[in-house]
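Below: one structure, written as structure tokens.
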Amino acid sequence: MRKRRDEILALILTAGLVLSGCGGGRTKDQEEKQGKDGLTTEEITLKVWESSGSTQEFIEKAGEAFTKLHPNIKIEFENVEVGDANTQIVLDGPAGIGPDLFATPSNTIGGLLAGEHILALDDENDVRGVVASSCEKSVTSGGKIYGYPVSDETYALLYNKDLLETPPATWKEVEAFCDSFNGNGKYGIIWNVADAYYSPIFTGMNGNQLFGKDGTDAENTYMNTEDAVAGMKYFQSFRKYLDMPANDLSDNAVALAAFTQGDAAMYITGPWNIASCEAAGMNFGVAPLPELPGDDGPAASFSGARTMQVSAYSEHPKEAQAFGRFLLTEEIQKLRFEITGAIPSVMIDTGSEYIEGFQKQLEYAYPTPSIKEMDNFWNPMKNACSNIWNGADVKTELDNCNQAILSQ
């Protein structure tokens with residue numbers, strides 16, 4: 001694997017990627033210190049916030065490759081987890097200790113825009129037509145593009161090929177399999193039932209979507225419609241096939257362990273768990289989610305992009321955008337996949353037999369809304385999912401969820 005990564009880095013340098021300049025206004029003194037590519041010729045350091053682990057390894061290697069092309073621009077990694085960046089920028093940005101770029105989920109864009117913490121791209125062609133349409137939609141707000149989607153994301157159905165030859169196309173087929181497979185601590189299917197991230201599978205019955213078809217209706221969540229209620233009643237009915245309290249399933253490690261140990265034949269999760277399944281020596285596949293009763297096609301899922309946002313507080317927005325654009329080049333996208341296993345945001349051949357299943361599911365996914373009200377969604381829906389799974393009245397829980405999201 002390391003040899004492969006070195007080969008990718010060598011390709012980057014051999015190709016001699018030339019990055020054209022982009023960015024906002026400059027002072028006269030700054031303009032005099034620009035190179036032919038529009039970037040500064042001064043020695044500068046760009047601070048980048050990113051999560052630890054494989055994403056840290058990636059951003060550090062990408063930074064090294066960028067600096068070899070632009071020796072005067074250093075990339076400094078600082079560990080701020082992707083789920084914390086959108087709140088930490090509120091404090092660190094104005095204080096002058098924030099980043100030039102930072103990683104954040106695309107669904108945080110609305111809140112970041114409301115607080116004026118991020119910049120729109122100077123050249124939207126950096127992203128338009130370059131990344132997958134699902135990624136492009138996820139970073140578009142008010143007709144402008146904010147940030148560079150470095151990876152695509154959704155979840156799908158992982159299945160143990162030693163336990164079932166082909167994945168079920170419908171949830172009714174899942175029920176039938178569970179009837180024959182369940183018992184003695186074994187379950188036909190498992191997932192984190194309390195995680196709001198997976199709720200579109202059921203609330204998405206008959207095409208229902210959070211905040212409406214465009215994901216922009218801040219007056220109605222659409223999470224207590226007839227379709228959402230019907231879908232969540234079906235969700236609740238599955239408790240008989242996965243008879244554990246929601247709290248016992250809320251730890252993703254529990255579901256992962258059950259799947260890798262052969263105690264669960266199917267597992268709804270994302271590409272972030274592929275490496276663990278491979279390390280366990282499993283014979284498994286990835287398929288789109290089963291079809292809900294009465295629907296036509298795989299169940300819905302959230303899609304989202306992991307983005308690199310340019311801070312509105314950056315003193316080097318032009319160079320920050322240049323690095324963001326560099327992260328979308330084919331060679332760097334290949335490098336990111338090799339290190340992190342995440343779905344590339346650009347169309348490249350990964351050589352992975354598993355990514356295709358997630359890409360097929362993306363055809364039935366809808367972007368996680370990025371309006372600021374999205375920040376209010378997660379905890380109320382998590383509570384609703386947990387309570388409904390544990391037997392609470394579905395309509396009451398979804399009405400409470402709707403009210404909690406819109407009243408904040």
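- Under the 4.0 Å criterion applied to side-chain N and carboxylate O atoms, E330 and K334 are assigned as salt-bridge partners.
- Between Y241 and Y187, the ring center distance fails the sub-6.0 Å criterion.
- Under the side-chain contact (heavy atoms from CB on, under 4.5 Å) criterion, D295 pairs with M205, N206, E291, L292, sequence neighbours left out.
- Using a distance-only test at 3.5 Å, with no hydrogens or angles considered, a donor-acceptor pair links the side chain of Q333 to the main chain of V150.
- Here W191 and Y197 keep their ring centres 6.0 angstrom or further from each other.
- The six-membered or imidazole ring of Y234 lies near that of F238, with a centre-to-centre distance under 6.0 Å.
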Does K61 form a salt bridge (charged side-chain N to carboxylate O under 4.0 Å, His left out) with E64? I'd like the steps, not just the answer. CA-CA 5 Å; K61 287 185 179 296; E64 291 170 6; 5.4 Å; no
Please assess S151 against I343 for the test side chain to side chain contact (heavy atoms under 4.5 Å, CB included), listing each intermediate value before the final yes or no. CA-CA 6 Å; S151 67; I343 304 171; 5.7 Å; no
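- Between E226 and K395 no salt bridge is recorded (no basic side-chain N to carboxylate O distance below 4.0 Å).
- R128 has a carboxylate O that lies under 4.0 Å from a charged side-chain N of E136, or vice versa, which qualifies the two as a salt bridge.
- Among the candidates L39, T41, I44, the single residue satisfying the side chain to side chain contact (heavy atoms under 4.5 Å, CB included) test with H70 is L39.
- Put simply, the side chain of P245 reaches to within 4.5 Å of the side chain of N390, judged on heavy atoms.
- A donor-acceptor contact shorter than 3.5 Å is absent between the side chain of D248 and the backbone of M244.
- For F284 and Y159, the ring centers sit 6.0 Å or farther from each other.
- The list of salt bridge (Lys or Arg N to Asp or Glu O under 4.0 Å) pairs with a residue in residues 372-382, not counting sequence neighbours, is empty.
- Q309 has its side chain within reach of I109: a pair of non-hydrogen atoms, C-beta onward, lies under 4.5 Å apart.
- Side-chain atoms of I339 and S54, non-hydrogen and from C-beta on, do get closer than 4.5 Å to each other.
- E43 and N72 share no side-chain donor-acceptor pair at under 3.5 Å.
- Between K161 and E165 there is no salt bridge, since no side-chain nitrogen of the basic residue lies less than 4.0 Å from a carboxylate oxygen of the acidic one.
- Annotation: salt bridge (Lys or Arg N to Asp or Glu O under 4.0 Å) contacts involving residues 254-274, sequence neighbours excluded, comprise K186-D263.
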